[in-house]
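The block underneath contains the structure these notes are about, expressed in structure tokens.
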2 protein chains.
Amino acid sequence: MSEKTDRKAGRATADLVAREANVSRVAVSRAFNPNASLKPEKRDRILKVARELNYTPDMAARSLVTRRSHLVGMIVPDVCSPWESQEIDALTTALQAEGFATLLFKAKADFSMDPMLLTYMRGFNPDSVIAFTENIEPDVLSGFLDRAVPIYVIYDDADAFAGRASETLYDRLLVRQKDGIEQAVALLQGYGARRIAYLGGKKQSLANTERERMIAQVLAERGMAPPVIVPGDYTYDTAYRSTLDLFRVGSGADAIFAANDVGAFGAIDALRHELGLSVPGDVKVVGFDDIPQAHWKSYNLTTVRIDLDDRVRALVRLILRRLKTPDADSLVETLTTRLVVRGTVG
Amino acid sequence: MSEKTDRKAGRATADLVAREANVSRVAVSRAFNPNASLKPEKRDRILKVARELNYTPDMAARSLVTRRSHLVGMIVPDVCSPWESQEIDALTTALQAEGFATLLFKAKADFSMDPMLLTYMRGFNPDSVIAFTENIEPDVLSGFLDRAVPIYVIYDDADAFAGRASETLYDRLLVRQKDGIEQAVALLQGYGARRIAYLGGKKQSLANTERERMIAQVLAERGMAPPVIVPGDYTYDTAYRSTLDLFRVGSGADAIFAANDVGAFGAIDALRHELGLSVPGDVKVVGFDDIPQAHWKSYNLTTVRIDLDDRVRALVRLILRRLKTPDADSLVETLTTRLVVRGTVG
DNA sequence: TTGTAGGCGTTATCAA
DNA sequence: TTGATAACGCCTACAA
């Protein structure tokens, strides 16, 4: 039973620090709570002793009484997808700076929300939850959450989502996809495209259905033919095969608007390396997202950009606000999109 | 005070379930603990009531007494990197199946281990920690962990790591890079490469220094000239610029062995799209990792594969074993590498 | 198989 | 500014 106590005797507790520093247990607690009142010199002494003993307050015990876990749950169908991994990275960084840790859960690939998973997650009591899985009603999600208020990402036509409205409280991030889509279509039209194909994303994805709807609408507004719908699922391989089908079985197109950048890559490679067509000479290609790979020289993709930093900042704002004022009215943050012109249209 | 209690009255507790099901509080606890003895029909009734009340045991409270958080910490410098995001994805899936949740932390990009971050993480009491950040001594890391035993990924020459050995317990995953590197060099040599450049990764990365060392060793064993060392940091952009430097300022090479696939992509694009050289005609390129993008037609990269599934399975085995028998001796799992031949050598 | 009692490490409450 | 005391929700004894 030495002063320093042997390392493997287990983790230092507030009691131990208190004894070592000749103060009460409560004082130790206060030393780690910036807005608690404690004589500065006393706090310093306690923190010094704590450092020596390698003490950190136990979040589990703390959360038991404060009802704050400092955990933010993220439910993701596919961590590997470039867009989502970027978003996870940025969100984790931003939340970490605010004292929250990221709790990562993997949902099934079909975008469905496994009730088992939700139940499981509930056990960890996340202060907030961000679901990258879209096809679940706010009511259902919030039924699994206690204090947490869900955040939804919605697109363009807020009314389409209004049908799902209910008494349940939830915050929203509205992405104005139309801005960027209009610019893209105008560019394609300007370069002479007449027959535009939409290479879709996962059917269950709200982002996808809204992109499709919005592209059709913009084409109509500009007096162009409706888009040729090509099935996809956001992956390279499916995009590749669907593009081959479009030109070998179907009747082709002079422009492809892909639901995401990775899909655009698959289309470009199919066109250039298997169909012997030139991009943008024979077929123009536009993507969606503007992931870092979009500027890689092999693709140099013209794409509709959703600004990641803006998006993450907006999400963090929503989360922090809701944590500070749990009963506040629901809030909508808005994000715009814009076309980034590179080399696949021209 | 209705039967069902109003939703926002807060989360259901074991007491509430016990009252509702006419059993004791302990019975509820046992119902959620498969190896506790409880009359089956009683368990069923309790679980049914629990489901109705949307009750889940509170992990924080549970961990306080069991000393098991069911949290696995992952410290990652860059979630976006394709290799790491793959590994996070697979690990999270595997751990989730075993009842563990992933707690994600972002380390600084320079691979250093922020003591603040470690202290912060400690508060969450992870049962295990996987650090993708390599340059930290086991002693330091385990100083911040209580029950958790660190896992290290080491490369080829186990002796090089032995210098860092200490009384501290830690498990190891040994990656035999030499197998794949030998195959790659043999292929390059067979196709006539004489002057091979090594396009490095982050200097602080152990994987990188060992790859460089091993390539030099293999070249020497085969009577070839030592590699031209080209600085890199695993990113596309740096690889791109370094390749330009190699050919414009330096004296070129007839083959480039990149420390990772993304770097190889940068090299290929610089060669083809800016230097006007053909790959593999003028310059052959080999990568490392075999990420999904390596088979994209624009690159079709010949690369040394580290099998992700094997790697994840080995890590999970190490973690679960350590959790089951915390005092077991340290264990080493071994992984091999092999060349995947595609179109950038020939 | 069941129930009672006690404690895990922390913070909120209240009185000094 | 301080300190004693009582929770927080759960699980592990132990005894019935």
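Convention: sequence-line order gives letters A, B, ...; per-chain numbering from 1. In this text the structure is predicted, and so the values were computed from the model without any measurement.
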Which residue is it: I75(B), I88(B), I319(B)? I am looking for the one with a side-chain contact (heavy atoms from CB on, under 4.5 Å) to I130(B). I319(B)

Within the pair T66(B) and dT12(D), is there a side-chain N or O less than 4.0 Å away from OP1 or OP2? no

Send over the distance from N35(B) CG to dT12(D) C1', rounded to a whole Å. 13 Å

Before accepting this row, confirm whether a basic side-chain N of the pair E52(B)/K48(B) lies closer than 4.0 Å to the acidic partner's carboxylate O. yes

In whole angstrom, give the distance that lies between atom CG of L53(A) and atom P of dG9(C). 15 Å

Shortest side-chain distance from V65(B), nucleotide among dC10(D), dT2(C), dA12(C): dC10(D)

When rounded to whole Å, the CZ to P distance for the pair R25(B) and dT1(C) reads 21 Å

For P40(B) and L64(B), take the nucleotide of DNA chain C holding the closest heavy atom to each; which residue's nucleotide lies nearer the 5' end? P40(B)

Can you tell me if the side-chain N/O atoms of S24(A) get under 4.0 Å from OP1 or OP2 in dT2(D)? no

In whole angstrom, give the distance that lies between atom OH of Y55(B) and atom C1' of dC10(D). 7 Å

Any base atoms under 4.0 Å from F32(B), or only sugar-phosphate, or nothing? Heavy atoms, all strands. nothing

Below 4.0 Å: OP1/OP2 of dT11(C) and any side-chain N or O of S29(A): yes

Rounded to whole angstrom units, what separation is found between the CZ atom of R62(A) and the C1' atom of dG9(D)? 18 Å

Counting side-chain heavy atoms from C-beta on, which of dC10(D), dT2(D), dT2(C) comes nearest to S37(A)? dT2(D)

Base of dG9(D) paired with side chain of R67(A) (donor-acceptor, under 3.5 Å): no

For residues 324-333 of chain A, which side-chain donor-acceptor pairs fall under 3.5 Å, sequence neighbours excluded?
from	atom 1	to	atom 2	distance (Å)
T325(A)	OG1	R321(A)	O	2.9
E333(A)	OE1	R317(A)	NH2	2.8
E333(A)	OE2	R317(A)	NE	2.8

Shortest side-chain distance from T13(B), nucleotide among dG9(C), dG9(D), dT5(D): dG9(D)

From C-beta outward on K39(B), which listed nucleotide comes closest to its side chain: dT12(D), dC8(C), dT2(C)? dT2(C)

Rounded to the nearest angstrom, tell me the gap between atom CZ in R45(B) and atom P in dT1(C). 15 Å

Quick check: F32(A) with Y55(A) (ring centres under 6.0 Å apart)? yes

Distance under 6.0 Å and angle within 45° of ring axis: R172(A) vs Y170(A): yes

Between CG of D15(A) and C1' of dA4(D) the distance, given in whole Å, is 13 Å

Ignoring backbone atoms, establish whether K42(B) has a side-chain N or O less than 4.0 Å from OP1 or OP2 of dT2(C). yes

Using whole Å, report how far CZ of R122(A) lies from P of dG9(D). 13 Å

